[in-house]
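Reminder, nothing fancy here: chain letters follow the sequence lines and each chain counts from 1.
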Amino acid sequence: MKTSKTDTDKILLSGNEALALGAFEAGVKVAAAYPGTPSTEILENLSGYEGVYTEWAPNEKVALEVALGAAFAGVRALATMKHVGLNVAADPLFTSAYTGVRGGLVIVVADDPDMHSSQNEQDSRNYAFAAKVPMVEPSDSAEAKDLLKAAYRISEEFDTPVLLRTSTRVSHVKGVVTKGKAEKPAVKPGIEKMPEKFVMLPANARKRRVEIALRMERLKEFCETFTGNRIEWGDRERGFITSGASYLYVKEVFPKASVLKLGMVWPLPERMIRSFTEKVDEVVIVEELDPFLELHIRAMGISCRGKDLVPAIGELNPAIVRQSITGEKAEGVFEPVQIPMRPPNLCPGCPHRGIFYAISKLGVFVTGDIGCYTLAALKPLSAMDTCVCMGAGIGNAHGMAKALGNDGLGKIVAVIGDSTFFHSGITGLIDIVFNRGNSTVVILDNRTTGMTGHQPHPASGVTITGDPTVAIDIEGLCRAVGVKHVRTVNPHDTEECGKVLKEELQRAEPSVIITKAPCVLLPEMKRRKDKKLYVVVSEKCTGCRSCLRLGCPAIEWAPLTEEEAKQRGYKPKQKGFSRINAVLCDGCGQCAPLCKFRAIVASGEEDEEIR
Amino acid sequence: MKKSGNILLCGVGGQGILLASEVLSSVLLKAGYDVKQSEVHGMAQRGGSVVSHIRYGKKVYSPLIEPGTADTTVSFELLEALRYLPFYRKGGTVIVNTQKILPSPVASGMASYPEDVLEQLAGRGLSVLPIDAFGIAAEAGEKRAANIVLLGALSAFLPADERLFIETIEGRVPEKFRQANIDAFRRGRESSITNGGEVRP
Ligand code: SF4
Ligand code: SF4
């Protein structure tokens with residue numbers, strides 16, 4: 001059966017996949033990013049398209065600088081990041097508004113309302129206002145692609161970087177997208193010296209500052225007729241102004257209402273907004289997070305409702321939108337029941353668990369940051385005491401050490417992931433060395449960026465496309481910045497880890513401990529054949545629960561009644577016994593030395609132990 | 001033919017829920033519906049509870065299912081079927097994989113795993129279909145295809161042709177595992193039908 005062309009061109013894509021397709025269709029030549037939920041899949045997908053150069057940069061600032069450089073060279077360029085990544089990239093962002101571009105430059109920023117996988121909630125629209133650059137905001141996958149392509153045209157026509165904002169419910173929602181034609185950008189690549197525009201010395205920058213104001217006036221005019229901004233007329237009693245995912249919730253709950261849908265959230269089309277609000281009885285602004293539209297619309301002297309009704313904290317959804325505006329609760333809904341929580345956990349066999357177990361035994365204060373290993377903060381390990389932002393643990397440890405002097409020695413340790421170390425740990429380490437600090441930094445080298453789905457980093461030895469490259473030597477790097485004591489340990493060997501930690505913590509000099517063992521989710525680890533699983537020889541288990549302190553998901557506690565204990569030949573007061581779930585065990589062996597009764601052994605060695 | 005619907009897939013990170021949602025959404029698109037599917041990546045995937053919302057109809061705006069409106073739910077793990085209770089509509093269908101994955105408070109002996117999950121669901125007037133997806137997948141010769149077994153069980157309740165499911169699975173699964181996956185799908189579908197699931201064209 002032959003399907004018509006229109007059918008095969010319709011595909012289901014997530015917002016992030018649609019942005020990758022949009023970048024390809026827009027003729028983007030260079031794209032850079034640092035992985036971060038919910039933005040990661042944009043670049044991951046784009047790296048599969050022909051003719052686009054993609055790279056994982058060490059951090060978002062570098063990613064944006066790379067993309068800006070490509071735009072200076074006259075090609076269309078893209079940088080993608082999560083909301084907190086834009087904080088890191090804010091420096092080049094603000095000045096790129098001054099330099100403008102040659103080839104189009106779009107920066108995609110993915111917000112995470114509700115903090116599904118983030119340390120804070122930020123509304124990136126504020127950056128558009130603060131940095132004086134236009135921002136577009138799609139509601140779904142189809143719009144994500146269209147608005148990205150429009151953003152490139154705007155970027156080139158107005159000589160400005162353009163921000164595109166998504167959120168978790170745009171980036172990670174799949175919707176129907178129609179494939180389009182590839183565009184040929186008008187700008188010709190090449191080197192062109194434009195010092196008045198590209199060299200932001202004060203004298204040049206002052207002129208460019210005026211240029212930005214003029215550009216913004218032109219953009220204000222443009223957005224009045226921009227097709228991404230549109231009015232959908234319906235009942236006139238209530239008119240909604242909305243954008244992004246909030247638009248979908250408004251349409252779902254109030255299908256008959258009048259809606260002004262903004263595809264461009266900065267600058268705002270004042271005349272359009274005015275004429276809309278004049279024609280409806282009541283204006284309600286529905287937006288996620290900050291009252292961004294509301295503040296700027298109120299500043300126009302228009303009265304409206306907004307955050308007095310709709311929450312400014314967390315994600316919106318149809319139920320919240322309905323209830324906050326009409327007061328109606330969804331009816332006939334089952335009440336939730338009390339059941340055990342299911343918090344995320346480090347995987348069975350995760351090398352982080354070993355080193356964090358060793359750290360937890362020392363009772364020290366652990367300054368940490370962002371990664372899978374942040375999960376070590378949860379029970380039973382409880383081995384992280386701070387988590388602020390990428391790299392923060394190193395500066396925090398140094399600051400605490402300086403504050404406490406000798407009283408702090410041996411009591412504070414910084415931990416950081418390998419990818420995170422390249423992102424923003426190196427500068428902190430240099431600070432410790434430079435300023436005569438004495439902190440110990442543990443670098444967790446598992447060869448990958450785990451939390452975001454295993455992207456390679458500068459020490460992985462491969463690029464985003466899997467091409468071999470130099471694997472930067474972390475140990476050599478630490479020595480090169482002046483750390484004299486750098487030791488490498490196997491994190492699965494908790495006893496050795498404990499010993500090395502104690503020695504280095506006591507030292508009144510900077511030191512680094514590198515834990516080296518690959519993430520168990522890496523394909524080569526999943527494929528390995530020499531894996532030996534561990535088992536609990538139940539006859540020998542006394543129910544002391546020592547092994548449970550590791551928090552490995554494969555170790556399960558089986559409670560016993562007095563009767564059952566007797567039947568199994570245990571002491572009647574033994575409350576239960578441990579067992580290892582063979583489906584989950586990854587054979588790391590961390591648990592074995594924890595059992596003083598030698599009940600935990602590699603499978604196949606049980607018999608020996610019983611004898 | 002049913003005009004629209006809300007499907008909830010829930011379970012534990014790593015159970016193949018995302019793949020099952022993807023296949024399901026593609027099938028619904030091919031069957032002529034507008035589709036939106038929402039899921040959350042990142043932190044939650046590390047052994048935490050995960051949920052995927054799939055909505056289909058002539059035109060779908062919100063990607064999120066409202067409380068009390070999920071028509072059909074597939075819980076990939078026994079206990080998780082209770083976690084999302086507020087989403088189920090009165091009298092809705094809940095397909096439950098009877099496999100247990102102990103959440104960490106249970107594994108560490110701090111909490112106990114409820115014994116009466118299926119009874120609690122049925123007691124609320126929901127139509128409950130327990131299924132041993134893991135066992136059925138093993139019979140089909142591919143233990144990792146439990147998610148496809150569950151997709152098969154779900155397919156019996158959906159207005160999309162079986163052929164569309166099979167085509168889509170074929171397109172998604174590497175050659176080596178294709179036959180076992182299709183077999184897993186058929187067995188899952190069969191189990192729903194014999195359990196009283198209604199088959200739609
Ligand atoms: S540490 Fe050994 S004796 Fe204690 S509960 Fe675990 S397996 Fe049993
Ligand atoms: S060897 Fe022990 S700690 Fe390692 S995965 Fe197996 S049960 Fe967990």
Gap between atom [atom2] of [Y] and atom [atom1] of [X] - 0.5 Å precision:
X	Y	atom1	atom2	result
B:Ile54	A:Lys174	CD1	NZ	10.5 Å
A:Tyr249	B:Tyr61	OH	OH	15.0 Å
A:Leu375	B:Ser104	CG	OG	10.0 Å
B:Leu126	A:Phe334	CG	CZ	4.0 Å
A:Leu248	B:Ser38	CG	OG	10.5 Å
A:Arg342	B:Ser49	CZ	OG	6.5 Å

Of the backbone (N, CA, C, O) and the side chain (C-beta and beyond), which part of [X] lies under 4.5 Å from a heavy atom of chain B, both, or neither?
X	answer
A:Arg545	side chain
A:Pro336	both
A:Asp140	side chain
A:Pro318	both
A:Arg322	side chain
A:Ile555	backbone

*asked:* Between the side chains of B:Glu39 and A:Arg169, is the shortest nitrogen-to-carboxylate-oxygen separation below 4.0 Å, so that they form an ion pair?
replied: no
*Top contributor to chain A contacts, counting heavy-atom pairs under 4.5 Å, from B:Arg124, B:Lys59, B:Arg83, B:Glu22*: B:Arg83
*salt bridge (Lys or Arg N to Asp or Glu O under 4.0 Å) between A:Glu252 and B:Arg55: does it pass, once the steps are laid out?*
CA-CA 12 Å; A:Glu252 185 75 33; B:Arg55 305 191 66 220; 3.0 Å; yes
*Taking the side chain as C-beta and beyond, is there a heavy-atom pair between A:Asn317 and B:Ser62 under 4.5 Å?*
no
